[in-house]
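Presented below is the structure to which this report refers.
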Amino acid sequence: MGYTAAFDNTYARLPEQFYTRLDPSPVRAPRLVAYNHDLAQILGLPDAPEEALARVYGGVEVPEGAAPLAQLYAGHQFGHYSPQLGDGRAILLGEVVGRDGLRRDIQLKGSGKTPYSRMGDGRAWLGPVLREYIVSEAMHALGIPTTRALAAVLTGENVLRETVLPGAVLTRVAQSHLRVGTFQVFAHRGQIDDLRRLTDYAIARHYPDADGAMGLLRTVCAAQAKLVAQWMSVGFIHGVMNTDNCTISGETIDYGPCAFMDDFHANRVYSSIDQQGRYAYSNQPRIVIWNMAQFATALIQQCADREAAVEKATALVHAMPAQIERHWLDAFAAKIGIAAPEEGDGGLIEDLLALMQEDGADFTNTFDALTRGDARDQFTDRDAFDAWQTRWQDRVGDLSDAAELMARSNPRIVPRNHRLEEMIAAAVSGDYAPFERLRAELARPYDTEDRDLMRPPQPDEVVPATFCGT
Ligand code: AMP
Ligand code: MG
């Protein structure tokens, strides 16, 4: 008998215009290179020999109980509407309800062509697969809502990018893969019954207390407002905040050209395709709000009293800047040891960030050093830092009280770009030691002692640009 899990596939029970039923395309020689046993436990997935797991998570064998399909969605990419995107290289195997009572999607990414592949080959190569594995799991360990990584499988096949590269499949786990773009596709096509059905589905699945379309908008705005503040607090730049990469669950999704900043600059951009800096670090709050405005526009199409809905939605979206500001203040205040921020604390934080920017201070290390009382070394303009530190100490008082909060709020390590690149290069040549090391240390970002992983890149190690990694 084959591999089986307790699937319960609610999405596959939606009408057929929501997706295309399709098995993953088999691969030649699946080999498991990473498996997340802890996550498998939570999901209640059965143990199996590595070969069996490789076959399932490489897309060779469809597990019993799965209902594989590619989801339909649309989305604004860099501000321009693409009427049809959809899973071009992903297959949703199905859903399981975990031991924690949460329902989650299990999705293969890189599993072959679908009707939504357009010009793409439906495949992924090992680099982005391992990158997403490490970064999404690091995000989870940082306490930030995110999709997670269950497995990485080498396919034994090559994929052609700029060069010939080893193919791989990532198994991604999410509370769902519903996106703003899933609503947009039906709204733009005028399929209002489907839009309603999707709205009901999203409410039942994620926010059972939400009252109708506007209630859903309110809760998603709240989740996204908190999420973006959390990203900011760890120096994370998503890189492709298109509406198809903006989840209804409020989880971070799609780790393409994302990056954690080394030296702080508010306008930092890594993504090679983000020429205008649309998705620059400090632009992210504005973009989340823009994305929620698109979500509102889609949702409104189903409301009987259109005028009232527009008014309501406008108010909800306009409430976002203050919400984000509040979460931002809470998160950054905690980073400097303030549990209950007051008026004026925002300025204290902004002034520190301005000093960091002027000095090119390392984002992660400066806050870690602040926690440990030796941040002065992070700055070249010591007088300016000393002046700031005096103000800070006046505000915070006994630093030993603040230290615990700071230690919980300031990770010691993040997945730095140059380490990810190094890890990928090693894995391509068959050495998974750097992958395993990143995996182990990034699982305990607040108390790792790995000094070497804390080290910022040397000038010749800096990775200035990231790529979409398709
Ligand atoms: P992303 O930028 O990863 O969010 O992807 C945007 C769209 O392009 C989605 O519809 C993807 O499924 C699709 N896509 C990305 N890479 C590929 C690929 N290699 N083959 C087919 N479709 C792809
Ligand atoms: Mg995407």
Side-chain angles (χ1 to χ4, degrees), residues 142-144 228-237 259-268 280-282 284-285 324-417 441 444-459 462:
L142 290 168
I144 300 177
V228 75
Q230 287 181 293
W231 289 353
M232 305 293 279
S233 76
V234 293
F236 180 73
I237 303 164
F260 284 82
M261 252 189 287
D262 296 307
D263 57 306
F264 177 73
H265 197 293
N267 298 328
R268 183 78 76 231
Y281 174 77
S282 59
Q284 298 183 114
I324 296 172
E325 183 72 25
R326 186 69 228 177
H327 288 300
W328 181 92
L329 185 61
D330 285 345
F332 275 86
K335 292 175 79 66
I336 61 168
I338 298 170
E342 295 165 4
E343 211 171 312
D345 290 334
L348 187 64
I349 296 159
E350 292 284 8
D351 289 346
L352 175 63
L353 292 171
L355 287 181
M356 288 166 62
Q357 177 161 319
E358 257 159 60
D359 263 8
D362 185 84
F363 185 88
T364 306
N365 290 4
T366 299
F367 285 104
D368 181 43
L370 216 51
T371 309
R372 277 147 230 283
D374 52 12
R376 200 167 188 264
D377 298 345
Q378 302 291 325
F379 294 86
T380 47
D381 188 348
R382 304 258 158 109
D383 291 343
F385 176 73
D386 288 344
W388 182 86
Q389 188 166 41
T390 305
R391 284 168 61 205
W392 176 50
Q393 277 164 352
D394 286 348
R395 168 65 179 93
V396 175
D398 189 353
L399 282 182
S400 58
D401 290 345
E404 201 218 338
L405 174 60
M406 292 175 70
R408 271 190 280 124
S409 311
N410 293 320
R412 311 205 73 195
I413 56 169
V414 291
R416 292 182 188 271
N417 260 324
E441 297 304 323
R444 44 191 209 111
Y446 298 99
D447 35 44
T448 177
E449 291 294 336
D450 192 327
R451 298 239 145 239
D452 186 44
L453 287 184
M454 294 176 203
R455 187 176 60 73
Q458 301 288 337
V462 171

note = In short, V234 meets F260 closest at the heavy-atom pair O-CD2, 3.3 Å
Point-to-point distance, once rounded to the nearest 0.5 Å, from CZ of R455 to CG of D262 = 10.5 Å
task = Please round to the nearest 0.5 Å and tell me the distance separating atom CZ of F385 and atom OG1 of T390.
result = 9.0 Å
key: Atom of H327, atom of A229 and distance for their closest heavy-atom approach   = CB-CB, 3.4 Å
task = Using the test salt bridge (charged side-chain N to carboxylate O under 4.0 Å, His left out), find all partners of D381 that sit at least two apart in sequence or belong to another chain.
result = none
ask   = From E350 CD over to L355 CG, what is the distance, rounded to the nearest 0.5 angstrom?
value = 11.5 Å
task = Heavy atoms only: give me the nearest S409-L405 pair and the separation to one decimal.
result = OG-O, 2.6 Å
request  = Show your working on side-chain contact (heavy atoms from CB on, under 4.5 Å) between R416 and T364 and close with a plain yes or no.
outcome  = CA-CA 10 Å; R416 292 182 188 271; T364 306; 4.0 Å; yes
task = Return the minimal non-hydrogen interatomic distance between S282 and P285, and the atom names on each side.
result = O-CD, 3.5 Å
message = Applying side-chain contact (heavy atoms from CB on, under 4.5 Å) to L370 and N410, what does each step give before you reach the verdict?
response = CA-CA 9 Å; L370 216 51; N410 293 320; 5.5 Å; no
query = Nearest 0.5 Å, what's the CG-CD1 distance between L453 and I413?
reply = 5.0 Å
task = Locate the shortest heavy-atom distance separating V396 from G337; write the atom from each residue and the value.
result = CG1-O, 4.2 Å
key: D368 and Y446, any side-chain heavy atoms less than 4.5 Å apart   = no
ask   = Taking the side chain as C-beta and beyond, is there a heavy-atom pair between N417 and P457 under 4.5 Å?
value = no
query = Side chains of F236 and I144: closer than 4.5 Å at any heavy-atom pair?
reply = no
request  = Grab the two heavy atoms, one from P341 and one from D330, that are nearest each other, plus how far apart they are.
outcome  = CG-OD1, 3.3 Å
query = Tell me the salt bridge (Lys or Arg N to Asp or Glu O under 4.0 Å) pairs involving residues 351-361, sequence neighbours left out?
reply = D351-R391
message = Assess whether a salt bridge exists between D263 and R268, defined as any Lys/Arg side-chain N lying under 4.0 Å from an Asp/Glu carboxylate O.
response = yes
query = Does the N267 side chain pair with the main chain of A280, one donor and one acceptor, at a distance under 3.5 Å?
reply = no
query = Does some side-chain heavy atom of L352 sit less than 4.5 Å from a side-chain heavy atom of F367?
reply = yes
note = The reported gap from OG1 in T366 to CG in D377 (rounded to nearest 0.5 angstrom) is 10.5 Å
query = Is the number of heavy atoms from other residues, nucleotides or ligands under 6.0 Å of E404 CD greater than 12?
reply = no
ask   = Are any of the side-chain heavy atoms of M454 and P411 separated by less than 4.5 Å?
value = no
ask   = Any side-chain heavy atom of R451 within less than 4.5 Å of one from R412?
value = yes
message = Please determine whether the number of non-hydrogen atoms from other residues, nucleotides or ligands lying under 6.0 Å from atom CD of Q458 exceeds 12.
response = yes
ask   = Does the T448 side chain pair with the main chain of R444, one donor and one acceptor, at a distance under 3.5 Å?
value = no
inquiry  = Taking R376's backbone N and O only, do any of them form a donor-acceptor pair with R382's side chain (distance below 3.5 Å, no angle check)?
reply    = yes
query = Just by distance, do the side chain of Q284 and the backbone of Y281 share a donor-acceptor pair under 3.5 Å?
reply = yes
query = Any side-chain heavy atom of D386 sitting closer than 4.5 Å to one from F379?
reply = no
message = Using 0.5 Å steps for rounding, measure from the CZ atom of R395 to the CG atom of L348.
response = 8.0 Å
query = Backbone N or O of I336 within a donor-acceptor pair of the W392 side chain at under 3.5 Å?
reply = yes
